[in-house]
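Since the structure comes first, as structure tokens, the remarks are kept for the end.
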Amino acid sequence: MGLTIYLDGQFVDQKDAKISVFDHGLLYGDGVFEGIRVYKGCIFRWRQHLDRLYDSAKYIMLDIPLSKDELTKATVETVRRNGVRDGYIRLVVTRGVGDLGLSPRKCPKPTVFIIASAITLYPKEMYEKGLEIVTVPTQRNLAQALNARVKSLNYLNNILAKIEGLNSGVEEALMLDSNGFVAECTGDNIFLIKDGALYTPPVYLGALKGVTRGCIMEIARQEGMEIHEEPFTRFEVYTADECFLTGTAAEAIPVVKVDARPIGDGKPGPTTKRLIERFRKMTATDGEMVDY
Ligand code: PXG
């Protein structure tokens, strides 16, 4: 027996969890998704992920065929049935099955599936030693083309950047917007620390409004740190005291080198370490508890 997958109202074994080749999620990347962590039996920040999913769906004019309560029940049940206590949930809503044309009007029923499993993004030692990243040529999607706040199934923009990063021998890539301002990485938001203050790009420059980003900002606020959500360039990155990335898959990870420039003294910084430590404490307490 493999994993138990929620698919369109049914719980099915993973070998039976199949989707039509006419599904527009596959044909066009037409759909939305969420990636969510489970920590110690708690679906972390469930409400924020759920709201973001419905907001993304609204932007692309996709009616999710379940209420938020129904989708919560389906997700909790998927986690429960798979006995996932520390793991990862992938919740996907596609436009559904249509014909070989772009028009969503031929797709009467969205497809909904939920996978509860595990995820690892970067090698473990990078969380201790810190990550090296490079800026890549592929720019982040223009908000006027596809707003980066939408967590859509269209990840080619990020995947191209990821490939460019991997081709340069690093695990993660820094993406700029069309004006050269720092946007985010391929699946993570970016933060800088300079003279004790926290900096992150505003989401209108082409960054997802990350749930983990929100957690870090909350923690920094509680610590009384100055927070700047404002545009910055690579200059500010290179000359920062500290740098780190956040994301559901990545969690929070220090960055120690950007475009061959060591950040600060080239080691994970003390403020980064403290914020990451506090983030880890937060994870087991804040979300939807699963009753196994
Ligand atoms: N920016 C982008 C482009 C993302 O895809 C984040 C920022 C961080 O957002 P959250 O809400 O997760 O803090 C993401 C999220 C994967 C994977 O499979 C990637 C993400 C989430 C889950 C899985 O690589 N990225």
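First listed ligand is number 1; within each ligand, the first listed atom is number 1. Quick caveat, the model's predicted, so the values are computed rather than measured. Computed from heavy atoms alone, side chains included, the values below leave out hydrogens, waters and symmetry copies.
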Between F244 and F191, how do the two ring planes meet: parallel, tilted or perpendicular, split at 30° and 60°?
-> parallel
Just need the protein heavy atom nearest to atom 6 (C) of ligand 1, so name the residue and atom and give the distance.
-> G187 O, 3.3 Å
Which heavy atom of the protein is the closest neighbour of atom 21 (C) of ligand 1, given with residue, atom name and distance?
-> K151 NZ, 3.8 Å
Say whether H49, considering both its backbone and side-chain N or O atoms, lies within less than 3.5 Å of an N or O atom on ligand 1.
-> no
Give the numbers and elements of all ligand 1 atoms closer than 4.0 Å to a heavy atom of G247.
-> 8 (C), 12 (O), 13 (O)
Salt bridge K151-E34, side-chain N to carboxylate O under 4.0 Å | no
Quick one: does I119 get a heavy atom under 4.0 Å from ligand 1?
-> yes
If we number the atoms of ligand 1 from 1 as shown, the ones under 4.0 Å from a heavy atom of N158 are 3 (C)
Considering only protein heavy atoms, which is closest to atom 13 (O) of ligand 1, and at what distance to one decimal place?
-> T212 OG1, 2.5 Å
Any idea which protein heavy atom is nearest atom 22 (C) of ligand 1, and the distance to it?
-> Y88 OH, 3.1 Å
Taking only heavy atoms of L121, which atoms of ligand 1 are found under 4.0 Å from at least one of them?
-> 24 (O)
Looking only at protein heavy atoms, what sits closest to atom 7 (C) of ligand 1 is E184 OE1, 3.4 Å
Angle class for the Y6/F11 ring planes (parallel below 30°, perpendicular above 60°, tilted otherwise)?
-> perpendicular
Between D86 and K40, is a salt bridge (charged side-chain N to carboxylate O under 4.0 Å, His left out) present by the stated rule, with each step listed?
-> CA-CA 6 Å; D86 288 281; K40 298 194 168 73; 5.7 Å; no
Check ligand 1 against T186 and write out every atom of the ligand that is under 4.0 Å from a heavy-atom position of the residue.
-> 3 (C)
Looking only at distance, does T246 have an N or O less than 3.5 Å from an N or O of ligand 1?
-> no
Atom 17 (C) of ligand 1: which protein heavy atom is closest, and how many Å away?
-> A249 CB, 3.6 Å
Tell me, do L53 and L71 make a side-chain contact under 4.5 Å, heavy atoms counted?
-> yes
For N189, the ligand 1 atoms whose distance to one of its heavy atoms is below 4.0 Å = 7 (C), 8 (C)
Going by the atom numbers of ligand 1, which of them fall below 4.0 Å from some non-hydrogen atom of Y155?
-> 3 (C), 4 (C), 5 (O)
Ranked by distance from atom 18 (O) of ligand 1, the top protein heavy atom is R90 NH2, 3.1 Å
For T248, counting its heavy atoms only, list the atoms of ligand 1 lying under 4.0 Å from any of them.
-> 10 (P), 11 (O), 12 (O), 13 (O)
Do side-chain atoms of N189 reach the backbone of L208 as a donor and acceptor pair under 3.5 angstrom?
-> yes
Would you call E77 and R81 a salt bridge, using N to O less than 4.0 angstrom?
-> yes
Between E171 and K162, is there a side-chain N and carboxylate O pair less than 4.0 Å apart?
-> no
Would you check, one step at a time, whether the test salt bridge (charged side-chain N to carboxylate O under 4.0 Å, His left out) holds for R140 with E184?
-> CA-CA 8 Å; R140 193 70 178 95; E184 60 178 346; 2.5 Å; yes
Any side-chain heavy-atom pair from T75 and L91 closer than 4.5 angstrom?
-> yes
May I ask you to check whether G210 has an N/O atom sitting below 3.5 Å from an N/O atom of ligand 1?
-> no
Residue-ligand contact K209/ligand 1, heavy atom below 4.0 Å | no
Is there a ring pair (Phe, Tyr, Trp, His ring centres under 6.0 Å) between F33 and Y155 once you walk through the steps?
-> CA-CA 11 Å; F33 79 103; Y155 256 58; 5.4 Å; yes
So, do I133 and C185 sit near enough that their side-chain heavy atoms are less than 4.5 Å apart?
-> yes
